[in-house]
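Below is one structure, written out as structure tokens; comments come after it.
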Number of protein chains: 2
Amino acid sequence: MTEPAPEIGHAATLRVRDSCLCLHAQRAARALARHFDDILRPVGLTNGQFSLMMALNRPEPPVMGQVADLLAMDRTTLTACLKPLVGRGLVTASVDDRDHRRRRIALTRSGRQLLAAAYPVWQAAHDALEGRLRAHDPERLRDGLLALGRL
Amino acid sequence: MTEPAPEIGHAATLRVRDSCLCLHAQRAARALARHFDDILRPVGLTNGQFSLMMALNRPEPPVMGQVADLLAMDRTTLTACLKPLVGRGLVTASVDDRDHRRRRIALTRSGRQLLAAAYPVWQAAHDALEGRLRAHDPERLRDGLLALGRL
DNA sequence: GTGAGATAAGTTGATATCAACCTATATCTC
DNA sequence: GAGATATAGGTTGATATCAACTTATCTCAC
């Protein structure tokens, strides 16, 4: 009756490194974030700020919960991410008329203008990215990422 | 000669929301991080700490640059991530004998033991995850994520 | 062996991320 | 309508993330 070895071998390391979907997703997310941050830096937005502001660009300004769901982001993270955008006058958060618990998040005029400037920059970079990924079937990849985001 | 409209329509929003690989990758990364953080919480590690410590579990302790590359993580992020692990006595960082610019990052005995406890937990969760993703071809998904991480 | 350039890592400051806890408002039940 | 419950958000504290800048060390050319 020997106790199980209290340590694990290098083989386990290789298994995690090669197969862990979480690790691979974090890697991909970091690399893509850096890439789009670089692309969008001249415009003055990060990749996350761009996605967030895009989520706000709709006829009826969404409430926080909707946006957090759309971005698969914690509610409280959204609160924090809004702070710099509100500070720069790109976004406003105002209490909903019908339900005073809700906050309607809306782009300001200058937010919409900045987003309009960022959009073609994103478009060009994204087209280039898809081109480089042709061998990996971007459509399928998107589906897979979507499935992961639904967990 | 009209100026281009300074704002963009809702259609652009939908295009970004549906197609942006960066957004989809961030969504997936956040969801998976939360999931594995939950799974590993009883053990006392986050998903990132688990991956990081796994990367250290090898015959010759790696130097920081190697680990940062493996995780597709900024060098300075790695410095920050090591801090709590060193503080808990799970990891040590020591100057390399041959090249004094380098830091060898190694697991301590208790780090190896904690990792050994975390491994079967990860394994079970990862098997379950792959099962849920059968329809999305996890192998292919991993390849795609790997390609994204190489940008 | 000295100085120039390259390489490895740390520091600072800003933003992002989440859990745990808290407050305000709405809804439901009686 | 009063109290219980549910829902929407905010706050705090810890960790993660990176850019810009700095320090220490090494290597190479001479």
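Placement of A:I8 and B:L70 in two distinct hydrophobic clusters is found when ILVMFWY residues are connected by side-chain heavy-atom separations under 4.5 Å, directly or transitively.
Atom CD of B:Q26 is separated from atom C1' of C:dT17 by 12 Å (rounded to the nearest Å). Rounded to a whole Å, the CZ atom of A:R30 is 9 Å from the C1' atom of D:dA16. Between the CG atom of B:D74 and the C1' atom of C:dA14 there is a distance of 14 Å, rounded to whole Å. If you measure from atom NZ of B:K83 to atom C1' of D:dT15, you get 11 Å, rounded to the nearest angstrom. One interatomic measurement links the two molecules: CE of B:M73 to P of D:dA19, which rounds to 13 Å at whole-angstrom precision. B:L85 places its CG atom 16 Å from the P atom of D:dA14, with the value rounded to the nearest Å. Across the protein-nucleic acid pair, B:D69 atom CG and C:dA8 atom P stand 10 Å apart, rounded to whole Å. Atom CZ of B:R98 is separated from atom P of C:dT7 by 19 Å (rounded to the nearest Å).
Taking a 6.0 Å sphere around CZ of B:R109, one finds it holds 12 or fewer heavy atoms contributed by other residues, nucleotides or ligands.
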Pair B:R41, B:D38 - check salt bridge (charged side-chain N to carboxylate O under 4.0 Å, His left out), show working. CA-CA 5 Å; B:R41 186 162 302 120; B:D38 286 347; 3.1 Å; yes
Going through the distances and angles, do B:R34 and B:D37 end up as a salt bridge (charged side-chain N to carboxylate O under 4.0 Å, His left out)? CA-CA 5 Å; B:R34 277 193 298 268; B:D37 282 354; over 6 Å; no
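Comparing D:dA16, C:dT25, C:dA19 against the side chain of A:H100 picks out C:dT25 as the nearest.
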Could you run down nucleotides 2-8 of chain D 5' to 3' and tag each one B, S or - for protein heavy-atom contact under 4.0 Å? ----BBS
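Both A:D38 and B:P84 sit near DNA chain D, but only B:P84 has its closest nucleotide nearer the 5' end. Comparing A:R41 and A:T76, the nucleotide of DNA chain D nearest to each residue sits closer to the 5' end for A:T76.
Of the residues in residues 47-60 of chain B, B:Q49 come within less than 4.0 Å of DNA chain D through at least one heavy atom, sorted by number.
Going from atom CZ of B:R27 over to atom CG of A:L151 covers 10.5 Å, rounded to the nearest 0.5 Å. For the atom pair CZ (B:R88) and CG (B:L114), the distance works out to 6.5 Å, reported to the nearest 0.5 Å.
Dashed line: the shortest gap from a side-chain N or O of A:T79 to OP1 or OP2 of D:dG9 is not under 4.0 Å.
Between the side chains of B:T13 and A:N57, at least one donor N or O lies within less than 3.5 Å of an accepting N or O.
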What donor-acceptor contacts under 3.5 angstrom involve side-chain atoms of residues 116-129 of chain B, with partners at least two apart or in another chain?
from	atom 1	to	atom 2	distance (Å)
B:Y119	OH	A:R15	NH1	2.3
B:H126	NE2	A:S19	O	3.1
B:H126	NE2	A:L21	N	3.0

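Of the residues listed (B:R17, B:R30, B:Q26), the one engaging A:L71 in a side-chain contact (heavy atoms from CB on, under 4.5 Å) is B:R30, and it is the only one.
Within the 4.0 angstrom heavy-atom criterion, no nucleotide atom of any strand lies near A:R104.
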